[in-house]
Amino acid sequence: MMVGTTRWDVVTGDITRCAVDAIVNAANNSLLGGGGVDGAIHRAAGPELLEECRGIGCCPTGEARITRGYRLPARYVIHSVGPIWQGGNQGERDLLASCYSHSLSLARHHGLRRVAFPAISTGVYGYPKAQAAKVAARAVVEVLHRDTDTFDQILFVCFDEDNRALYDAAVRDAVAGD
Ligand code: APR
């Protein structure tokens, strides 16, 4: 799907294999690795990634920090800390949206034009997937409408077909303005 000059795709796959400028990691506040996509990214990137993360220190929820990608095919990793779902009345929606907007502004600042996202907060952090998909898609479309001609490709990389269908529908709705 095109938004202006940006190609926006929703795929099923392993984000550690994406040869893009930056993959986004669903990290935790310590940035010291974990399970899920965080664990997969650290395993694929190798120990230097953890070393660089150690030097950064903590990252507040809703924000993002950038490191090199080391052994990953992606040049950089943008570590973003999603909210833990607590029922929806603790600012989770805005925090999740800011993961996407902060990650894209970091990418823009570093001149990175191809960015891949996982489904942030929808695993261990328990964010209901359909709601998370809508928040993610709306946050990204807002950036693409504002920063036109900044990104060549945005990828939502889902780990399973169910999530892909949810994120694909959410992207179509967001682009259609629903
Ligand atoms: N590629 C793409 N997506 C993946 C991959 C992968 N290799 N591995 C897992 N996922 C998907 C999960 O299926 C889920 O849909 O990423 C989404 C996010 O799930 P988590 O990785 O559990 O991340 P999150 O829910 O944001 O929880 C973050 O989990 O791993 C720890 O250190 C991390 O404490 C942090 C917490």
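Whatever order the structure lists them in is the order used to number ligands and atoms, beginning at 1.
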note = Per-atom filter on ligand 1: closer than 4.0 angstrom to a heavy atom of Gly13 are 1 (N), 2 (C)

Selected option - heavy-atom contact closest to atom 14 (C) of ligand 1, from Thr122, Asp162, Leu96 = Thr122

task = Considering heavy atoms of the protein only, find what lies nearest to atom 21 (O) of ligand 1 and give residue, atom and distance to 0.1 Å.
result = Val37 N, 2.8 Å

task = Compute the shortest N/O to N/O distance between Asn28 and ligand 1 and return yes if it is under 3.5 Å, no if not.
result = yes

key: atom 29 (O) of ligand 1: the protein heavy-atom neighbour that sits closest, reported with distance to 0.1 Å   = Val124 CB, 3.5 Å

ask   = So which protein heavy atom does atom 35 (C) of ligand 1 come closest to, and at what separation?
value = Tyr125 OH, 3.5 Å

Under 4.0 Å to a heavy atom of Gly34 - the qualifying atoms of ligand 1, by number = 30 (O), 32 (O)

query = Just distances here: any N/O of Asp38 and N/O of ligand 1 closer than 3.5 Å?
reply = yes

message = Please list, in number order, the atoms of ligand 1 under 4.0 Å from a heavy atom of Asn163.
response = 15 (O)

request  = Not counting sequence neighbours, list each pair that qualifies as a side chain to side chain donor-acceptor pair (under 3.5 Å) and has a residue in residues 116-142.
outcome  = none

message = Tell me the nearest of Ala132, Gly35, Gly123 to atom 20 (P) of ligand 1, using heavy-atom distances.
response = Gly123

inquiry  = Could you go through Arg75 and Asp21, starting from their C-alpha distance and side-chain angles, then the distance that decides it, and tell me whether this counts as salt bridge (Lys or Arg N to Asp or Glu O under 4.0 Å)?
reply    = CA-CA 5 Å; Arg75 293 168 54 213; Asp21 293 322; 3.1 Å; yes

note = Taking only non-hydrogen atoms of Ala26 and a 4.0 Å limit, the atoms of ligand 1 in range are 23 (O), 26 (O), 28 (C), 33 (C)

message = Is the ring pair Trp8/Phe156 parallel, tilted or perpendicular, if the boundaries are 30 and 60 degrees?
response = perpendicular

ask   = Backbone or side chain, does any N or O of Asp14 fall under 3.5 Å from an N or O of ligand 1?
value = yes

ask   = Distance-only, no hydrogens or angles: does the Asp38 side chain make a donor-acceptor pair with backbone N or O of Ala27 under 3.5 Å?
value = no

inquiry  = If I take atom OG1 from residue Thr6 and atom CD from residue Gln153, how far apart are they, to the nearest 0.5 angstrom?
reply    = 10.0 Å

inquiry  = I need the nearest protein heavy-atom contact for atom 26 (O) of ligand 1: residue, atom name and distance, please.
reply    = Ser121 N, 2.9 Å

key: Hydrophobic cluster (4.5 angstrom, side-chain heavy atoms) - remaining members for Val20   = Val11, Ile15, Ile23, Val37, Ile41, Leu49, Tyr70, Leu72, Val77, Leu155, Val157

query = To the nearest 0.1 Å, how far is atom 1 (N) of ligand 1 from its closest protein heavy atom, and which atom is that?
reply = Ile15 N, 3.0 Å

key: Gap separating the CD1 atom of Ile154 from the CE atom of Met1, nearest 0.5 angstrom   = 13.5 Å

query = Under 3.5 Å, is there a donor-acceptor pair linking the side chains of Thr61 and Asn29?
reply = yes

message = Looking at Asp160 and Arg164, is there a salt bridge between them, counting it only when a charged N and a carboxylate O are closer than 4.0 Å?
response = no

key: atom 17 (C) of ligand 1: the protein heavy-atom neighbour that sits closest, reported with distance to 0.1 Å   = Ala119 O, 3.3 Å

query = What is the closest protein heavy atom to atom 11 (C) of ligand 1, and at what distance does it sit?
reply = Phe159 CB, 3.9 Å

request  = Working to the nearest 0.5 Å, report the span between CG of Leu106 and NE2 of His79.
outcome  = 10.5 Å

